[in-house]
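Read the numbers this way: they start at 1 and go in the same order the structure lists the ligands and their atoms.
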Amino acid sequence: MTSTVIPSLLIYNLFLVVDFLLLPETFLLAVFCHLAVVTPLLLLTGFVARGEPPLLVRETLAASVPLAMAAQILFIYSINIDQPAAQHYQYLVLAVMIYANVNQRLDFRFALATSLALMTCYIWILLPSAAPFASKLVGLTAIIATCYLSLNANFRMERDARHSFLRRLQDRLRREDAELAANRDPLTGLSNRYQLEKQVEALYGDGTGQDVSVGALMVDVDHFKAFNDHYGHPAGDTCLKRVAGAIAAQLRNDNDLAIRYGGEEFLILLHNASLADTVRIAERLRRTIEAFRIPHVNAADHRDVTVSVGAMAGTLGRYRISELVDAADAALYTAKRNGRNRVSPPLLADSRSLATLPISPLRPVS
Ligand SMILES: Nc1nc2c(ncn2[C@@H]2O[C@H](COP(=O)(O)OP(=O)(O)OP(=O)(O)O)[C@@H](O)[C@H]2O)c(=O)[nH]1
């Protein structure tokens, strides 16, 4: 609205020429109405609109401008009603109506109320006047047609603006959904490897926090091919979802990351975790999954689904994240070689730490 204030002011005050030419006797009165009433009101409206006030305040103020303009026109018209030139002057009200409904684009309800008020005042002054019948008929037809056409335009513009807002919103939601889908593994809901790079970059990318120790856990479901072969692929999917749920439950805060790294392989990155913390969390995860007691009759040594976990931790001053991941991967293969369903390196025998860690997940399994 503020962008239309200056052009509106210029055009409106340009009409003083019309006053001067058509109705010179009331020219000074017109100047007063223009400069002392309508111009300040228009400036005030633009000023208030910049502060984004509530709709009611904004639209009421905006509607007051065309109402004031029309009042000025009709007032001068009614004073000069007996003069032939006044018959031309009355049509300025039509321009004001178009200004309100199309240029100012008042909210439709305000546009309707303003237009009806303008039309009523106009007819109320026009009908009892001494103007010729033909002139009254033309005036009446013109105001009704202008009212209908400009309100119709206002309604369509408002509807189009709403539609385009909804379309933009829909596009944004679709984009966000697509982004989420691109970053998430659809089966488990965990982040995928692409997202891993982005998250690592976001967390550690700027090189700050070199002292922070990061724990890496590589988790692999044992004998999963045999599980799939025996129970079928859908059961395998369900099993992976439960394992992923247990993994997600180990995360302690938003800086811990869980990623589906490959088919039945998962990576956990623990922010600010020593090797002892990392191994304890790995052991807790292993026990949680074992406690699920998901039957796996073809597992070589155990009768339930189990996982093997490779653990590594180190400060970012010494290791890159990729080196921690590679070391955790190497540790995973040690765990597999040593008989599966275990953590490598193992929890130290004298460690009291597991006793201080509850085996139940820190977060509810989603
Ligand atoms: N159901 C299901 N199976 C998957 C998915 N992704 C990978 N797999 C299966 O996971 C199995 C992995 O098998 P392997 O790499 O041979 O490993 P393994 O049988 O678990 O043996 P170890 O890791 O040595 O204990 C393959 O049979 C894959 O088809 C998946 O999304 N859903």
A.B. asks: Nearest protein heavy-atom contact for atom 32 (N) of ligand 1: which residue, which atom, what distance?
C.D. replies: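 Going atom by atom, the protein heavy atom closest to atom 32 (N) of ligand 1 ends up being Asp237 OD1, 2.7 Å.
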A.B. asks: Checking Ser344 against Asn338: is there a side-chain donor and acceptor pair closer than 3.5 Å?
C.D. replies: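 On atom types as modelled, these side chains do not qualify, holding no pair under 3.5 Å.
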A.B. asks: With a 4.0 Å cut-off, would you call Asp177 and Arg174 a salt bridge?
C.D. replies: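 No, this pair does not count.
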A.B. asks: What protein heavy atom is closest to atom 15 (O) of ligand 1, reported as residue, atom name and distance in Å?
C.D. replies: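 Going by distance alone, atom 15 (O) of ligand 1 is nearest to Glu264 OE2, 4.2 Å.
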A.B. asks: Salt bridge (charged side-chain N to carboxylate O under 4.0 Å, His left out), that's the test. Do Arg286 and Glu283 meet it? Break it down for me.
C.D. replies: CA-CA 5 Å; Arg286 186 196 67 74; Glu283 183 58 26; 2.7 Å; yes
A.B. asks: Which residue pairs pass the side chain to side chain donor-acceptor pair (under 3.5 Å) test with at least one member in residues 308-321, sequence neighbours excluded?
C.D. replies: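 Every pair satisfying side chain to side chain donor-acceptor pair (under 3.5 Å) with a residue in residues 308-321: Asp222-Ser308.
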A.B. asks: Can we say Glu197 and Arg193 salt-bridge, meaning some charged N sits less than 4.0 Å from an Asp/Glu carboxylate O?
C.D. replies: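 No, no charged N to carboxylate O under 4.0 Å.
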A.B. asks: Among protein heavy atoms, which sits nearest to atom 7 (C) of ligand 1, and what does the distance come to when rounded to 0.1 Å?
C.D. replies: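 Among all protein heavy atoms, the one nearest atom 7 (C) of ligand 1 is Gly263 CA, 3.5 Å.
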A.B. asks: Have a look at Leu187, Asn228, Asp185 and point out the one with the heavy atom closest to atom 3 (N) of ligand 1.
C.D. replies: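 Considering heavy atoms of Leu187, Asn228, Asp185, the nearest to atom 3 (N) of ligand 1 sits in Asn228.
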A.B. asks: Could you name the option among Lys225, Lys241, Arg260 that has the heavy atom nearest to atom 5 (C) of ligand 1?
C.D. replies: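 Checking each option, the heavy atom nearest atom 5 (C) of ligand 1 is found in Arg260.
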A.B. asks: Is Asp229 paired with Lys225 through a side-chain N to carboxylate O contact shorter than 4.0 Å?
C.D. replies: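 The answer is yes: the pair qualifies as a salt bridge.
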A.B. asks: Under 4.0 Å from a heavy atom of Arg340: which atoms of ligand 1 are those, numbered in the order shown and with their elements?
C.D. replies: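 Answer for ligand 1: 22 (P), 24 (O), 25 (O).
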A.B. asks: If we only count N/O pairs under 3.5 Å, is Leu240 in contact with ligand 1?
C.D. replies: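 So ligand 1 has no N or O lying under 3.5 Å from an N or O of Leu240.
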A.B. asks: Could you tell me whether some N/O pair between Asp222 and ligand 1 is separated by less than 3.5 angstrom?
C.D. replies: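 Such a contact does not occur with ligand 1.
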A.B. asks: Is there a donor in the side chain of Gln87 and an acceptor in the side chain of Ser135, or the other way round, less than 3.5 Å apart?
C.D. replies: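 Gln87 vs Ser135: donor-acceptor pair found between side chains.
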A.B. asks: Could you list which atoms of ligand 1 come closer than 4.0 Å to a heavy atom of Gly236?
C.D. replies: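 Taking each heavy atom of Gly236 in turn, ligand 1 has 1 (N) under 4.0 Å.
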A.B. asks: Tell me the protein heavy atom at minimum distance from atom 22 (P) of ligand 1, and give that distance in Å.
C.D. replies: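 Answer, as residue, atom name and distance: Lys336 NZ, 3.4 Å.
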A.B. asks: Can you tell which part of Val221 has a heavy atom less than 4.0 Å from ligand 1: side chain, backbone, both or neither?
C.D. replies: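 The backbone, only.
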A.B. asks: Measuring from atom CE of Met218 to atom CG of Leu267, what distance do you get when rounded to the nearest 0.5 angstrom?
C.D. replies: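 Those atoms lie 5.0 Å apart.
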A.B. asks: Provide, to 0.1 Å, the distance between atom 20 (O) of ligand 1 and the closest protein heavy atom, together with that atom's residue and name.
C.D. replies: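 Looking at atom 20 (O) of ligand 1, the protein heavy atom closest to it is Phe224 N, 2.6 Å.
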